[in-house]
Amino acid sequence: MGSSSRVSPVLLLLLLVVLVSVTGVYGKEKKKLKICNKGWECSGSIYCCNETITDYFQVYQFEELFAKRNAPVAQAVGFWDYQSFITAAALYEPLGFGTTGEKQVKMKEIAAFLGHVGSKTSCGYGVATGGPFAWGLCYNHEMSPSQSYCSDSYVYPCTPGAEYYGRGALPVYWNDNYGIIGEALKVDLLSHPEYLEQNATLAFQAAIWRWMTPMRKKQPSAHDVFVGNWKPTKNDTLSKRLPGFGATMNVLYSDLVCGQGFIDSMNNIISHYQYYLDLMGVGRDSSGDNLDCAEQVPFNPTAPMATS
């Protein structure tokens, strides 16, 4: 055969260089996209290559925060556990839940969120064994509903026979709220509100969704006001709404808690937050500025998404 059919040594060398380069790039890309597993809390999630809540908040701390939740007098004995919380939290870690900022900020956010949860599910009282703040997660539903919490709604009409009393880690009330949260979580809570008192992971998931989600356009979420993502407008400043724990109460409960001075319900939530900061080793001295919402103008007076 003629010399024209032979492959030039120079061309061979060039092909080899290209092949090695492509292989190297592919290898790096494959390595970069490696799936990480840190265990049950987020199996198969690439995000688990990064720091997660389990790196600084472990099961023994959860047990200390909610030391009396399985006492014989508690309503929800055996329901709430650390694994359910972490499994739910893993869905929101990529959005910044417990993963925003320096380690202390991350720990403070978990203490803040759980401070709300603990205060809203507590059966503690002044002389309770272990102190009044050791009884968070005592309940998973409202014990003596005064009504079925069914309101007229075209978008989220009540399901016959269903009752929409308070359920969950941040108790959900009213059919509209069950409909909105169920739609967000892709679970039919409107037809089956009882799911929130049957599945602890789902109950925590609903609560974290509430923490991470603004209720109206151009308003912040509780997460945003706590970690510093939110920049108050001039109107916010005039309304004494500033970043900090106090504004999380404003977002979550509006005028049910805020703008009424130093009322017991507000003080109780703050006390749970500070108690949890102490137990987590952060300390209440690091509670942050703007701790209360006593004089804040509510974001949404009588807000339909507020929990009582």
Side-chain angles (χ1 to χ4, degrees), residues 89 92-120 169-174 176-177 180-181 184 206-277 282-308:
Y92 298 92
E93 287 174 340
L95 302 177
F97 179 66
T99 57
T100 300
E102 300 297 324
K103 182 179 179 180
Q104 188 182 78
V105 177
K106 298 172 185 175
M107 295 178 74
K108 285 173 62 176
E109 182 177 13
I110 297 306
F113 170 76
L114 292 177
H116 283 282
V117 168
S119 69
K120 293 300 177 182
L170 284 179
V172 180
Y173 297 81
W174 299 100
D176 280 300
N177 297 332
I180 291 168
I181 295 174
I208 300 171
W209 179 87
R210 179 69 183 87
W211 176 264
M212 298 295 294
T213 307
M215 288 301 99
R216 293 188 181 180
K217 290 182 179 179
K218 298 184 179 180
Q219 287 187 2
S221 65
H223 165 78
D224 289 333
V225 302
F226 188 80
V227 302
N229 290 342
W230 172 60
K231 304 301 179 188
T233 64
K234 183 178 180 180
N235 182 57
D236 288 318
T237 303
L238 291 173
S239 300
K240 299 186 178 181
R241 297 190 294 253
L242 298 170
F245 185 77
T248 69
M249 293 185 282
N250 198 331
V251 171
L252 294 176
Y253 317 119
S254 191
D255 55 1
L256 293 175
V257 170
C258 297
Q260 302 185 52
F262 288 87
I263 59 176
D264 289 344
S265 57
M266 183 195 72
N267 292 334
N268 184 51
I269 299 168
I270 295 172
S271 295
H272 275 81
Y273 167 50
Q274 293 184 316
Y275 177 74
Y276 292 170
L277 283 176
V282 178
R284 64 184 59 213
D285 291 342
S286 299
S287 299
D289 297 329
N290 310 312
L291 187 60
D292 66 84
C293 63
E295 297 181 356
Q296 290 185 18
V297 176
F299 277 111
N300 301 306
T302 60
M305 280 300 294
T307 53
S308 60

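The model shown is predicted, which means the values in this text are computed figures rather than measured ones. Numbering of residues begins at 1 and proceeds along the displayed sequence.
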Atom of [X], atom of [Y] and distance for their closest heavy-atom approach:
| X | Y | result |
| --- | --- | --- |
| Val257 | Tyr253 | CG2-CB, 3.7 Å |
| Gln296 | Lys240 | CG-O, 3.0 Å |
| Leu277 | Ala111 | CD2-CB, 3.6 Å |
| Gln219 | Pro214 | O-CB, 3.1 Å |
| Gln104 | Ser286 | NE2-OG, 3.7 Å |
| Val297 | Asn250 | O-ND2, 3.1 Å |

So does [Y] get a backbone contact from the side chain of [X], meaning a donor-acceptor N/O pair under 3.5 Å?
| X | Y | value |
| --- | --- | --- |
| Ser119 | His116 | yes |
| Gln260 | Asp255 | yes |
| Asn268 | Asp264 | no |
| Asn290 | Pro243 | yes |
| Asp292 | Asn267 | no |
| Ser254 | Asn300 | yes |

Exercise for the section: Could you tell me whether Arg241 sits above the aromatic face of Phe299, with NZ or CZ closer than 6.0 angstrom to the six-membered ring centre and within 45 degrees of the axis? Expected result: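 So Arg241 does make the cation-pi contact.
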Can you tell me how far the [atom1] atom of [X] sits from the [atom2] atom of [Y], to the nearest 0.5 Å?
| X | Y | atom1 | atom2 | answer |
| --- | --- | --- | --- | --- |
| Ser271 | Met266 | OG | CE | 9.5 Å |
| Tyr92 | Thr213 | OH | OG1 | 6.5 Å |
| Met215 | Ile180 | CE | CD1 | 7.5 Å |
| Leu95 | Ser221 | CG | OG | 10.0 Å |
| Leu170 | Leu114 | CG | CG | 9.5 Å |

Practice task
Apply side-chain contact (heavy atoms from CB on, under 4.5 Å) to the pair His223 and Thr100, showing each step before the final yes or no.
Solution key: CA-CA 10 Å; His223 165 78; Thr100 300; 3.6 Å; yes
Exercise for the section: Go through the steps for Tyr273 and Thr248 under the test side-chain contact (heavy atoms from CB on, under 4.5 Å), then give the verdict. Expected result: CA-CA 12 Å; Tyr273 167 50; Thr248 69; over 6 Å; no
Handout entry: Test item: Trp211 and Val251 side chains (from C-beta on) under 4.5 Å apart, heavy atoms
Key = no
Problem - Check: Ile269 and Lys120 side chains under 4.5 Å, non-hydrogen atoms - result: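 With C-beta onward as the side chain, the pair touches.
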Exercise for the section: Would you check if there is a donor-acceptor pair between the side chains of Asp236 and Thr233 at a distance under 3.5 Å? Expected result: yes
Handout entry: Gln274 side chain to Ser287 side chain, donor-acceptor N/O pair below 3.5 angstrom
Key = yes
Practice task
Walk me through it: do Lys108 and Val227 pass the test side-chain contact (heavy atoms from CB on, under 4.5 Å)?
Solution key: CA-CA 9 Å; Lys108 285 173 62 176; Val227 302; over 6 Å; no
Problem - Mutual orientation of the aromatic rings belonging to Phe226 and Phe245 [parallel < 30°, tilted 30-60°, perpendicular > 60°] - result: perpendicular
Handout entry: Stepwise side-chain contact (heavy atoms from CB on, under 4.5 Å) check, Met249 with Ile270
Key = CA-CA 9 Å; Met249 293 185 282; Ile270 295 172; 3.7 Å; yes
Handout entry: Residues, nucleotides or ligands: over 12 heavy atoms within 6.0 Å of Asp289 CG
Key = no
